[in-house]
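None of the values given here were measured: they were computed from a predicted structure. Counting begins at 1 with the first residue of the sequence.
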Amino acid sequence: MLYLMCNADGRRYALRAGDVVELTPRVYLAPLVDGPPWLCGMLNYRGRPVPVVDLGLLASGQACPDRYSARIVLMPVPDHPQELFGLLVDRVSTANIDETQARRTPTGLSSGLLYDEEGLIHLIEPDRLLPVAHREMLFAPLAQSPPDSAFSPEQFS
């Protein structure tokens, strides 16, 4: 199965390529006041706000370095596929991985572990990246916002 390989906090991670909507370069992220430390900010993705989470901060408290190789992986929010979230990572590539060889020992963000010639690979699932409590915190304010059509120019005159 095809996986997106990435680095964060000095570790290697793999995400199923089928879980990825798009891969973008690291761009300006609008900061959020009083957001949790692992939340980098909001990405303007084609006119819609998308929260971006730093995989390194989420996994170990060590931020993803600000490098040219950093990328934002856009994925659907588990249980809310119409919403997206971004994952800030470093050094992205792809690899074919035989999941049957994974040791299924869920720990933290990892749903399984693999070893290859370069060392340990943490297999991660979107559900483990964005637990229900985080989803509610990030997406409840957007869900409560009135649709654009609820505003009229007369309100501001």
Begin from the C-alpha positions of Leu55 and Ile124 and carry the test side chain to side chain contact (heavy atoms under 4.5 Å, CB included) through to its verdict. CA-CA 11 Å; Leu55 178 58; Ile124 50 178; 4.3 Å; yes
With side chains defined as the heavy atoms from C-beta onward, is the minimum distance between Arg46 and Glu22 less than 4.5 Å? yes
Closest heavy-atom pair and its distance - [X], [Y]:
X     : Y      : answer
Pro78 : Asp127 : CB-OD1, 2.7 Å
Gly56 : Ala8   : N-CB, 3.7 Å
Met5  : Ala14  : SD-CB, 3.7 Å
Asn44 : Gly47  : OD1-N, 3.0 Å
Cys40 : Leu29  : CB-CD1, 3.6 Å
Gln62 : Asp54  : O-OD1, 4.4 Å

[X] side, atom [atom1]; [Y] side, atom [atom2] - distance, nearest 0.5 Å:
X     : Y      : atom1 : atom2 : result
Leu39 : Leu88  : CG    : CG    : 11.0 Å
Leu58 : Asp9   : CG    : CG    : 10.0 Å
Asp90 : Tyr13  : CG    : OH    : 12.5 Å
Ile97 : Met1   : CD1   : CE    : 10.0 Å
Thr24 : Arg71  : OG1   : CZ    : 8.5 Å
Arg11 : Ile121 : CZ    : CD1   : 14.5 Å

Check the hydrophobic clustering (I, L, V, M, F, W, Y; side-chain heavy atoms under 4.5 Å; chains of links allowed) and say if [X] and [Y] are grouped together.
X     : Y     : result
Leu87 : Val50 : no
Leu32 : Trp38 : yes
Met75 : Leu57 : yes
Val53 : Val73 : yes
Ile72 : Val21 : yes

Walk me through whether Val92 and Leu4 qualify under side chain to side chain contact (heavy atoms under 4.5 Å, CB included). CA-CA 7 Å; Val92 174; Leu4 184 80; 3.2 Å; yes
Donor-acceptor pair, distance only, cut-off 3.5 Å: does the side chain of Ser111 make one with the backbone of Leu123? yes
Could you walk me through whether Leu74 and Leu43 satisfy the side chain to side chain contact (heavy atoms under 4.5 Å, CB included) test, starting with their C-alpha distance in whole Å, then the side-chain angles of each, then the deciding distance to 0.1 Å, before giving a yes or no? CA-CA 10 Å; Leu74 294 171; Leu43 168 70; 3.9 Å; yes
